[in-house]
J.: 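Quick one: structure below, then a few questions.
Labels below follow one simple rule: chain letters A, B, ... track the order of the sequence lines, proteins then strands, and each chain is numbered from 1. For clarity, every value in this text was computed on a predicted model and none was experimentally measured.
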2 protein chains.
Amino acid sequence: MEKQTGKKERIKSIDKALDLLEFLSVNEQETGITEISKKLHMGLSTVHRIITTLKSRGYVIQNQQTTKYRLGIKLFALGCAVQSTKRLVEITKPYLRQLSQVTNETANLAILEGKEVIYLDTIESPEILRTEIMAGTRTPAHCTALGKVLLAFISDGEFESLYKNDEPLTSLTSNSIASLEELKKHLKKVKEQGYALDREEYKIGINCIGVPIFGRNEAIAAISITGPASRFTLDKMEKVKDELITISKKISNQF
Amino acid sequence: MEKQTGKKERIKSIDKALDLLEFLSVNEQETGITEISKKLHMGLSTVHRIITTLKSRGYVIQNQQTTKYRLGIKLFALGCAVQSTKRLVEITKPYLRQLSQVTNETANLAILEGKEVIYLDTIESPEILRTEIMAGTRTPAHCTALGKVLLAFISDGEFESLYKNDEPLTSLTSNSIASLEELKKHLKKVKEQGYALDREEYKIGINCIGVPIFGRNEAIAAISITGPASRFTLDKMEKVKDELITISKKISNQF
DNA sequence: AAGAGGTTTCCGTAATATGGAAAAACAAAC
DNA sequence: GTTTGTTTTTCCATATTACGGAAACCTCTT
């Protein structure tokens with residue numbers, strides 16, 4: 001819940017509505033008005049009015065049994081209309097298909113949002129044993145090749161403001177990078193190499209190699225090949241590295 | 001831009017913000033403040049304030065060159081958090097995979113939104129010649145098997161309010177259903193059969209068969225198999241029909 | 001330099017969003 | 001069935017803020 005301050009010419013009640021939607025978006029459970037009111041420090045009536053407005057337009061749904069609320073389909077529809085992600089998916093799709101075919105593994109596209117990556121698209125391996133991840137999934141950036149490659153190319157200032165010294169890093173597995181110092185050092189190397197590996201850092205049994213997609217002089221997305229560690233070995237990843245970097249350049253030339 | 005009226009306990013400025021977001025979502029091009037102001041009948045300052053609020057939180061992006069605006073990534077992130085679509089995709093995914101494998105064609109999942117279907121998920125055929133459609137794509141419901149099967153199970157009242165007598169139907173191809181009378185008759189048959197066909201109605205050269213997914217005593221989504229008309233013939237569709245209906249029931253039992 | 005068109009800022013005030021209190025609704029316990 | 005506790009919904013006076021018109025600023029074209 002990062003509320004932007006400073007600038008005039010903003011509308012408080014809209015900020016509140018967005019706070020509420022964001023709160024619901026990180027809540028796995030349906031939520032009641034009283035809890036929202038407490039968590040967001042808004043009056044019951046205010047919450048009720050906001051939620052009535054959102055509900056009437058399909059942005060929030062109320063469960064008739066529990067009387068609690070969750071996000072509604074309208075947000076999904078709006079989300080699908082976001083041109084930048086649409087364009088990313090459209091342009092990268094043929095390349096993801098190619099990569100998946102050549103490697104017989106799963107190919108992914110993701111973007112960086114805060115300290116997380118969001119998966120935008122995936123082309124699954126036809127193998128029975130394959131990695132599967134749903135578009136829209138969020139994972140901590142520092143635990144994935146995709147995320148590491150994106151973090152490697154953000155500015156120092158941006159990195160500092162995302163990763164504060166006093167906040168510990170999440171570890172998804174015992175292989176995940178666990179300290180800020182280690183992460184910085186690692187990202188420096190990633191930046192030089194132009195690709196990142198994830199060796200069972202995101203999930204035990206899964207390896208991944210990722211490369212950035214550049215646009216407007218920054219890394220705007222990343223693509224990866226990912227597979228079971230038993231089959232997609234370091235050897236295999238090294239073999240596929242150059243192909244990935246080549247395709248990364250081709251895609252980047254389109255932005 | 002359907003603005004809900006009647007109920008008290010709603011907040012006008014939030015309605016305005018949602019109007020604006022929805023307006024941008026149907027606009028393929030970036031849009032300026034002046035045009036938004038004209039189209040939505042809001043003052044320039046009002047538009048500016050709304051858009052400044054949205055921009056500061058990533059819901060809208062301004063192109064620095066053109067100074068115009070389009071939807072931002074934050075909406076995509078919120079859209080991905082919508083539990084109902086997440087759950088639909090999660091539950092149907094294994095079945096879509098199975099269907100795609102068995103038929104060697106592309107399998108899709110979609111929902112009804114107004115008079116359109118929105119594609120939620122797709123498992124592509126491995127064939128070189130295959131149908132491809134991106135999650136998030138919207139198409140007129142009456143031109144697709146998915147849409148027809150969903151329309152067949154809405155209430156008469158709902159149908160009447162969606163499809164007014166004075167508004168002509170869109171035709172995507174010369175095979176598309178072109179009149180309301182024809183559509184009603186067709187949907188009646190679809191409802192009895194429990195499945196719908198699309199024989200080059202959505203796009204010349206593409207056939208499709210779809211079935212509904214039920215939940216809470218209504219059709220909440222639909223799944224389909226779709227392929228090139230040259231290969232995915234009426235014969236093939238008839239062959240796959242029973243499998244689709246069986247799987248539709250299995251999925252429906254999970255809601 | 002002037003003009004046109006669009007975005008951004010400013011400001012007084014009318015409109016509306018606010019929150020507290022009460023009413024209504026609901027579920028659980030007795 | 002009654003009571004109690006909790007949550008959602010409604011109401012209302014007023015403080016707050018969202019509004020729109022006008023001006024300033026910016027960019028592009030002639």
J.: What is the distance, rounded to the nearest whole Å, between atom CZ of B/Arg10 and atom P of D/dT10?
T.: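 Taking CZ of B/Arg10 and P of D/dT10, I get 13 Å after rounding.
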J.: Counting C-beta onward and ignoring hydrogens, is there a side-chain heavy-atom pair between B/Ile154 and B/Leu112 closer than 4.5 Å?
T.: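 The answer is yes, as the side chains (C-beta and beyond) meet within the 4.5 Å cut-off.
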J.: Out of C/dG6, D/dT10, C/dT18, which nucleotide sits closest to the side chain of A/Thr46?
T.: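 Per side-chain heavy atoms of A/Thr46, the pick is C/dT18.
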J.: Once you build an axis from the first five pairs and another from the last five of the helix from C/dA1-D/dT30 to C/dC30-D/dG1, how far apart in angle are they, to 10 degrees?
T.: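 Computed from the C1' atoms at both ends, the axes differ by 40°.
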J.: Could you tell me whether A/Lys86 and A/Glu90 make a salt bridge, using a distance below 4.0 angstrom between a side-chain N and a carboxylate O?
T.: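 Salt bridge: no.
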J.: Scan A/Glu35 against the nucleic acid and name what it touches under 4.0 Å (heavy atoms): base, sugar-phosphate only, or nothing.
T.: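 Here A/Glu35 touches no strand at all.
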J.: Which of these nucleotides, D/dC19, C/dT8, C/dG6, is closest to any side-chain atom of B/Thr34?
T.: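 That would be C/dG6.
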J.: Are the side chain of B/Thr52 and the backbone of B/His48 linked by a donor-acceptor contact shorter than 3.5 Å?
T.: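 Such a contact is found between B/Thr52 side chain and B/His48 backbone.
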J.: Look at B/Gln64 and D/dT27 and indicate whether a side-chain polar atom (N or O) is within less than 4.0 Å of OP1 or OP2.
T.: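 For B/Gln64, the contact criterion (side-chain N or O under 4.0 Å from OP1 or OP2 of D/dT27) is not met.
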J.: Measure the acute angle between the ring planes of B/Tyr202 and B/Tyr119, then classify it against the limits of 30° and 60° as parallel, tilted or perpendicular.
T.: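 Geometry flag for B/Tyr119 against B/Tyr202: tilted rings.
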J.: Check nucleotides 11-13 of chain D against the protein and report each pair of N or O atoms closer than 3.5 Å, with its distance, or say if there are none.
T.:
unit_1, atom_1, unit_2, atom_2, d
D/dC11, OP2, B/Lys8, NZ, 2.9

J.: Heavy-atom nearest nucleotide on DNA chain C for A/Gln65 versus B/Lys12: which residue maps closer to 5'?
T.: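 Its nucleotide being nearer the 5' end, the pick is B/Lys12.
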J.: Can you list everything that forms a ring pair (Phe, Tyr, Trp, His ring centres under 6.0 Å) with B/Phe214? Sequence neighbours excluded, please.
T.: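 B/Phe153.
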